[in-house]
Amino acid sequence: MAYELSEEQEALRAQIQQMAVEKVAPRAAEIDREGDFPWDMQKLLAENELLGLSIPEEYGGSGASLLSNCIVAEELARACATTSLIFVVQKLAAYPIVLAGSEEIKQKYLPPLARGEVLAAFCLTERGAGSDAAATKTTAVETDDGYLLNGEKCFITNGSIADTFSTFTMTDIDRGVRGISAFVVEKEFPGFSVGPVEDKMGLRGAQVSEVKFEDCLVPKENMLGERGSGFITAMKTLDSSRPLVGAQAVGIAQGALDVAVGWAREREQFGSSIGKLQGIQFMLADMKTRVEAARQLVYRSATLCDNNDPELSLFSAMSKLFASDMAMSVTADAVQVLGGYGYMKDQPLERMMRDAKVTQIYEGTNQVQRVVVARRLLGKL
Ligand code: COS
């Protein structure tokens, strides 16, 4: 399926680029160093109506295409991956509500998320259910007053600062993946609590923590979709979010390439700029080619999503896989172009390299993406 960026999308890119250069990039090193959540960046995204970009207009958002969302994620990540993640997670965590929530639930929870007044979190992963998402142990038991949730989710981005939690639980263990049901949970619900914030390699400003449910009472109407439809909702949500992780990876790699090109022009060795050396030229040429190839795959997968194409799962997995592996190697090459300077914390490249790493891991490791691709290729054996 072909795509072309519209004039509106080019204008959106220019707008985000300018905002990223003027307001986001100057904060990136500090956010990484301090490791606190950058509320100023959250406010900036909310003021520019970006936190509701993916939410349908009838619930207060802009209803923009996934392709437009990818452009925003990419341009933010080019300057600061943590800021890009604020944008990406709002879409990820709101999507189960968009996809499966009743009209009342959508009207209740989506408008404040679209306005960026509150943040959301996506609670799927557990200590014993990472790649094997169907192995979820958090239970939801039906009572007269609602569902009682018990269990723990881990590595939850925004866990300690979100208000709205899209949560996946086991309601019917004997039904396997068809026994998983999704709920929207509020932080104020009794029995809900969060653990300490994790100390991470990268994306240092993102607040990642455990989320706990101890006899947490959730109203019946907060179930998202039919009982037992939670796993499919989670998979569909990830299908439509993995292109955004790919876009984030493209942005991080583009940011690293920008720095490496600037350095190759300015840095002098052996009597002239190192950009005149073929060894450096070939590295930069390969980096540029791989960034562009990943960008095309990401935009294509976003277009498939926007058109409800049945190939979405396959392309979504391939785009996230290819773009994140590319970002890891391009950021490492960019460090190499700067040599010893690239290894120092006063240059942004070591941060970009650390930030790139998680794009190979979150929203499904790249090994899981390969499983998805291989299953599509081979069918049932
Ligand atoms: N869209 C719709 N339905 C899907 C689907 C998708 N993308 N993927 C799977 N399903 C359906 C299957 O069709 C199957 O339905 P039937 O029972 O009717 O045949 C059901 O869901 C179970 O699928 P499958 O057998 O493939 O499930 P597995 O337990 O083998 O898990 C993987 C598949 C590994 C792909 C899945 O667990 C996964 O994506 N894991 C990674 C989780 C992840 O990304 N975690 C990060 C959390 S967010 S940071």
Side-chain angles (χ1 to χ4, degrees), residues 66 73 81 84-96 99-100 120-138 152-159 162 165-170 172-182 198 200 202-203 206-211 224-226 228-246 248-249 301 304-305 308-321 324 357-381:
L66 187 63
S84 169
L85 189 65
I86 301 172
F87 172 76
V88 169
V89 172
Q90 193 79 337
K91 150 84 170 74
L92 169 74
Y95 197 70
L99 198 63
F122 182 78
C123 301
L124 177 64
T125 302
E126 298 179 6
R127 294 272 166 207
S131 292
D132 186 6
T136 184
K137 292 276 181 295
T138 296
E152 287 172 11
K153 298 287 178 181
C154 70
F155 305 148
I156 305 303
T157 304
N158 288 350
F165 297 79
S166 292
T167 306
F168 298 86
T169 67
M170 186 59 82
D172 303 273
I173 187 108
D174 48 327
R175 297 192 64 216
V177 295
R178 301 284 171 184
I180 294 176
S181 303
E198 304 280 357
K200 310 181 298 315
L203 288 178
Q207 306 298 295
V208 172
S209 64
E210 271 189 348
V211 163
L224 299 174
E226 299 283 308
S229 66
F231 188 76
I232 308 290
T233 299
M235 292 300 114
K236 286 186 174 167
T237 299
L238 290 167
D239 279 348
S240 83
S241 187
R242 285 172 180 157
L244 279 174
V245 175
Q248 201 180 30
S301 68
L304 293 175
C305 183
N308 284 322
D309 192 290
E311 294 281 81
L312 167 62
S313 282
L314 171 66
F315 274 80
S316 167
M318 290 196 299
S319 64
K320 190 271 201 202
L321 158 64
S324 60
K357 184 62 207 169
V358 77
T359 63
Q360 294 180 301
I361 298 171
Y362 63 17
E363 296 205 20
T365 63
N366 282 0
Q367 285 66 33
V368 162
Q369 311 310 322
R370 287 179 172 91
V371 167
V372 172
V373 174
R375 283 184 184 177
R376 287 284 163 149
L377 258 182
L378 297 164
K380 271 205 167 34
L381 292 174

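Counting convention: from 1, in listed order, for ligands and their atoms alike. Worth saying up front: this structure is predicted, and the values here are computed from it rather than measured.
Of all protein heavy atoms, the one closest to atom 29 (O) of ligand 1 is Ala134 CB, 4.0 Å. Ranking the protein heavy atoms by distance from atom 8 (N) of ligand 1 puts Met235 CG, 3.6 Å first. The shortest contact between atom 2 (C) of ligand 1 and any protein heavy atom is with Ile232 CG2, 4.0 Å. The nearest heavy-atom contact from the protein to atom 49 (S) of ligand 1 is Glu363 N, 3.3 Å.
Annotation: the span from Ile361 atom CD1 to Asn366 atom CG amounts to 9.0 Å, rounded to 0.5 Å. Taking CG from Leu238 and CG from Leu92, the interatomic distance works out to 6.5 Å, rounded to the nearest 0.5 Å. To the nearest 0.5 angstrom, Glu363 atom CD is 3.5 Å from Ser241 atom OG.
Counting only non-hydrogen atoms, the option in Pro310, Ser131, Gly364 that gets closest to atom 40 (N) of ligand 1 is Ser131. If you check each of Arg178, Lys153, Arg375 against atom 15 (O) of ligand 1, the one with the closest non-hydrogen atom is Arg178.
Remark: Glu198 engages Arg127 in a salt bridge (charged side-chain N to carboxylate O under 4.0 Å, His left out) (not counting sequence neighbours). Looking at residues two or more places apart in sequence or on another chain, you find no ring pair (Phe, Tyr, Trp, His ring centres under 6.0 Å) involving Tyr95.
Atoms of ligand 1 lying under 4.0 Å from at least one heavy atom of Leu238, given by number and element, are 43 (C), 44 (O). Residue contact check: Phe231 has heavy atoms under 4.0 Å from atoms 21 (O), 22 (C), 23 (O), 27 (O), 31 (O), 37 (O) of ligand 1. Close approach of ligand 1 to Ala133 is summarised as follows: ligand atoms under 4.0 Å from at least one heavy atom of the residue are 37 (O), 42 (C). When each atom of ligand 1 is checked for a heavy atom of Arg242 under 4.0 Å away, the hits are 39 (O), 43 (C), 44 (O). Of all atoms in ligand 1, listed by their number and element, those nearer than 4.0 Å to a heavy atom of Val372 are 35 (C). Residue Asp239 has at least one heavy-atom neighbour below 4.0 Å for each of these atoms of ligand 1: 1 (N), 6 (C), 7 (N). Atoms of ligand 1 found under 4.0 Å from any heavy atom of Thr125 (numbered from 1 in listed order, with element): 47 (C). Close contacts of ligand 1 with Ser313, meaning ligand atoms under 4.0 Å from a residue heavy atom, involve 7 (N).
For Ala206 against Lys200, the heavy-atom pair with the smallest separation is O-NZ, 2.8 Å. When every heavy atom of Asn158 is checked against every heavy atom of Val89, the shortest pair comes out as ND2-CG1, 3.6 Å.
Ring centroid separation for the pair Phe168 and Phe122 comes in under the 6.0 Å cut-off.
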Practice task
Would you please test Leu66 and Lys91 for side chain to side chain contact (heavy atoms under 4.5 Å, CB included) and show each step?
Solution key: CA-CA 10 Å; Leu66 187 63; Lys91 150 84 170 74; 3.8 Å; yes
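Between Tyr362 and ligand 1, not a single N/O pair is under 3.5 Å apart.
Within a 4.0 Å radius of atom 13 (O) of ligand 1, the protein contributes no non-hydrogen atoms. For atom 5 (C) of ligand 1, a protein heavy-atom neighbour is found at a distance under 4.0 Å. Checking atom 43 (C) of ligand 1 against the protein gives a heavy-atom contact under 4.0 Å.
Between Lys153 and Glu126 a salt bridge is recorded (basic side-chain N to carboxylate O distance below 4.0 Å).
The backbone N or O of Ser181 sits less than 3.5 Å from a side-chain atom of Thr169, completing a donor-acceptor pair.
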